[in-house]
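Read the numbers this way: they start at 1 and go in the same order the structure lists the ligands and their atoms.
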Amino acid sequence: MATYAYRCPDCGTFDVTRPMGEAPERVECPRCAASSPRQWTAPLLAQMDPALRSALAREEKSRDVPEVVTRASGTTRR
Ligand SMILES: [Zn+2]
């Protein structure tokens, strides 16, 4: 998954997590559902504002939780 930045005309920027290469040009704002264009920012921006940085830090933290913890035990190995 990758995080993409969008900018709502009313609410400002927000992040959307999508599979790599599947970020649409526009998405609906999570707050007001306005059509928001994608921000074309570099993934690792050296000069980013502190609010965005902390948002990314939180995102980074959530990555520590594995998506799949255990294998499905539907099949029995012999
Ligand atoms: Zn909005």
Quiz prompt | Inter- and intrachain pairs under side chain to side chain donor-acceptor pair (under 3.5 Å), touching residues 12-30, at least two apart | solution =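 Side chain to side chain donor-acceptor pair (under 3.5 Å) check on residues 12-30 returns Arg26-Ser35.
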Quiz prompt | Total protein N/O/S atoms whose distance from the Zn ion (ligand 1) is less than 2.8 Å | solution = 4
Please report the closest heavy-atom contact between [X] and [Y], naming both atoms and the distance.
X	Y	answer
Tyr4	Gly21	OH-N, 3.1 Å
Arg38	Ala23	NH1-CB, 3.6 Å
Met20	Ala2	SD-CB, 3.7 Å

Quiz item: Is there side-chain contact between Tyr6 and Pro37, with heavy atoms separated by less than 4.5 Å?
Solution: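 No; the side chains remain at least 4.5 Å from each other.
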Quiz item: Looking at side-chain heavy atoms only, is the closest gap between Cys11 and Arg31 below 4.5 Å?
Solution: yes
